[in-house]
Amino acid sequence: AADAAFAEVVYSASGLTGTTHQRHEPLPAGRYWWRVRAENPCGTNGSDARSFAVPGIRGTITDTAGTPLPGIWLRFYDQDGRAIAAAVTGSAGVYASPGLSPGTYFVSTTSTLGWINEIYDDVSCWPRFDVKSGRPVRVAAGAETPQVDFALARGASVSGRVTTATGAAYRDLLVRIVSAEQSTLDPLSTEAATETDNSGRYAFEGLPSGRYCVATLNGWDDYVDEWYDNVPSQGISAQAEGTPIDVTAPEARSGIDIVLEPGGRIGGRVTDVGGAPLRGVEVHIHDQTGRHVDKTLTDDSGAFASGPLA
């Protein structure tokens with residue numbers, strides 16, 4: 001009706017002239033009602049409220065007990081698995097995608113609040129993240145796709161501290177966690193990373209029950225990277241080689257500490273047979289078992305240096 005009250009006003013404008021008006025900011029998916037109130041010298045005339053739908057995906061995210069979860073981010077993917085949009089739940093756990101073209105989509109949560117992320121419908125992101133393994137969500141023209149809901153479980157956590165051999169905290173160091181049975185070279189394998197704080201502490205949250213390995217990745221510093229517990233990773237290990245860490249959600253596993261030792265380096269110079277330096281030559285380094293542990297390039301003078309080696 002002309003005098004009907006709207007539940008929530010998302011846009012209003014006044015003092016408009018002419019016969020057309022366009023709102024340039026996009027609306028999230030959903031059904032909307034609009035009404036025009038025209039003023040004339042004899043009073044205000046109202047038009048009937050009319051509705052339209054912004055096609056897209058809507059739903060609610062709760063915990064497994066049904067309590068709404070605010071602040072949970074989601075990502076939307078096209079039919080080829082490419083990420084195209086994101087949204088976040090409000091105070092009631094409700095989310096709405098941006099407007100989407102008709103087609104097939106996939107949806108996943110990307111929470112950093114300790115919940116186990118999922119691909120819709122109820123597909124875990126660990127140990128392999130393949131969004132196309134989820135249930136496709138179809139969006140039709142002129143309609144929203146509701147009830148794409150998630151019920152998330154609280155995940156386990158793994159935490160520890162990284163120090164040097166002298167006991168000094170190793171700050172701003174990249175630490176990664178992978179499923180113990182997976183190869184880190186698998187493009188679909190799930191790998192999480194974080195940095196140590198000023199005291200050398202790190203933490204991973206939102207982990208499903210399983211077996212994991214933790215390793216450092218410090219780049220070109222003087223210390224040798226390690227898998228927990230005390231297994232040199234030599235920076236480019238293709239397999240999770242550390243001591244497995246078993247967790248059962250929502251268990252909090254602490255004390256996964258790593259102590260890094262300083263390493264040695266191998267260096268030299270590459271020239272042609274006449275002694276002229278060769279720039280940009282790739283040098284590979286293998287340990288005594290033949291395993292590939294590092295690679296580097298020669299500089300303008302033909303010199304090279306490895307990263308820290310155990």
Side-chain angles (χ1 to χ4, degrees), residues 4 6-12 22-35 49-155 187-192 205-208 249:
F6 294 154
E8 179 184 1
V9 177
V10 296
Y11 178 73
S12 66
Q22 183 175 357
R23 181 183 187 272
H24 294 283
E25 297 83 2
L27 291 168
R31 179 161 292 278
Y32 297 87
W33 293 81
W34 63 274
R35 180 175 60 198
R50 300 181 182 182
S51 70
F52 67 94
V54 174
I57 300 170
R58 294 173 60 88
T60 302
I61 300 182
T62 67
D63 64 16
T64 53
T67 303
L69 297 179
I72 303 294
W73 281 92
L74 304 95
R75 192 165 291 158
F76 305 90
Y77 307 81
D78 65 16
Q79 62 182 358
D80 296 318
R82 294 185 293 257
I84 58 168
V88 63
T89 57
S91 59
V94 176
Y95 74 88
S97 74
L100 299 174
S101 301
T104 299
Y105 298 88
F106 299 92
V107 187
S108 76
T109 63
T110 57
S111 169
T112 58
L113 302 178
W115 303 97
I116 300 174
N117 286 311
E118 294 182 357
I119 305 166
Y120 182 79
D121 185 15
D122 201 29
V123 177
S124 175
C125 295
W126 286 82
R128 291 168 59 86
F129 182 80
D130 181 5
V131 70
K132 294 172 70 175
S133 67
R135 177 181 174 184
V137 179
R138 291 175 175 80
V139 173
E144 60 176 321
T145 303
Q147 296 180 327
V148 179
D149 301 330
F150 293 80
L152 302 183
R154 177 65 71 179
L188 294 179
S189 64
T190 301
E191 177 178 329
E205 298 181 330
L207 301 172

**OP:** Flag the pair Val139 / Ser101 as yes when at least one side-chain heavy-atom distance between them is below 4.5 Å, and no otherwise.
**Re:** no
**OP:** Determine the minimum heavy-atom distance between Pro208 and Ser124, stating which atoms define it.
**Re:** CG-OG, 4.3 Å
**OP:** Verify side chain to side chain contact (heavy atoms under 4.5 Å, CB included) between Val123 and Asp130, making sure each step is shown before the conclusion.
**Re:** CA-CA 10 Å; Val123 177; Asp130 181 5; over 6 Å; no
Original post:
Rounded to the nearest 0.5 Å, how far apart are OH of Tyr120 and CD1 of Ile61?
Top reply: 12.0 Å
**OP:** Please list all pairs passing the salt bridge (charged side-chain N to carboxylate O under 4.0 Å, His left out) test where one or both residues lie in residues 62-73, with sequence neighbours left out.
**Re:** none
Original post:
Looking only at heavy atoms, what is the nearest atom pair of Gly93 and Pro68, with distance?
Top reply: N-CB, 3.9 Å
**OP:** Could I get the full list of side chain to side chain donor-acceptor pair (under 3.5 Å) partners for Thr145, not counting sequence neighbours?
**Re:** none
**OP:** Could you pull out all residues at least two apart from Ser111 that satisfy side chain to side chain donor-acceptor pair (under 3.5 Å)?
**Re:** none
Original post:
What residue pairs, at least two apart or across chains, pass salt bridge (charged side-chain N to carboxylate O under 4.0 Å, His left out) with a residue in residues 104-122?
Top reply: Asp121-Arg135
What side-chain donor-acceptor pairs closer than 3.5 Å can you find for residues 76-83, not counting sequence neighbours?
{"from": "Tyr77", "atom 1": "OH", "to": "Ser108", "atom 2": "OG", "distance (Å)": "3.1"}
{"from": "Asp78", "atom 1": "OD1", "to": "Asp80", "atom 2": "N", "distance (Å)": "2.9"}
{"from": "Asp78", "atom 1": "OD1", "to": "Gly81", "atom 2": "N", "distance (Å)": "3.1"}
{"from": "Asp78", "atom 1": "OD1", "to": "Arg82", "atom 2": "N", "distance (Å)": "2.9"}
{"from": "Asp78", "atom 1": "OD2", "to": "Arg82", "atom 2": "NE", "distance (Å)": "3.1"}
{"from": "Asp78", "atom 1": "OD2", "to": "Arg82", "atom 2": "NH2", "distance (Å)": "3.1"}
{"from": "Asp80", "atom 1": "OD2", "to": "Arg82", "atom 2": "NH2", "distance (Å)": "3.2"}

Original post:
What distance do Phe106 atom CZ and Ile84 atom CD1 have between them, rounded to the nearest 0.5 Å?
Top reply: 11.5 Å
Subject >> Pairwise salt bridge (charged side-chain N to carboxylate O under 4.0 Å, His left out) hits with a residue in residues 99-110, at least two apart >> reply: none
Original post:
So, does Thr89 use its side chain to make a donor-acceptor pair with the main chain of Ile72 at under 3.5 Å?
Top reply: yes
**OP:** State, with a plain yes or no, whether a side-chain heavy atom of Trp73 is found less than 4.5 Å away from one of Thr112.
**Re:** no
Original post:
Could you give the distance from CG (Leu152) to OG1 (Thr109), rounded to the nearest 0.5 Å?
Top reply: 5.0 Å
Original post:
What pair of heavy atoms forms the shortest contact from Gly155 to Ile116, and how long is it?
Top reply: CA-CG1, 3.4 Å
Subject >> Closest non-hydrogen atom pair, Thr60 against Ala92 >> reply: CG2-O, 4.1 Å
Original post:
What are the two closest heavy atoms between Val148 and Tyr95, and how far apart are they?
Top reply: O-OH, 2.6 Å
**OP:** Please indicate whether Arg154 has more than 12 foreign heavy atoms, meaning atoms of other residues, nucleotides or ligands, lying under 6.0 Å from its CZ.
**Re:** yes
Subject >> Heavy-atom closest contact (Ala86 atom, Pro98 atom, distance) >> reply: O-CD, 3.8 Å
Subject >> Atom pair CG (Leu69) and CH2 (Trp115), whose distance is rounded to the nearest 0.5 Å >> reply: 5.0 Å
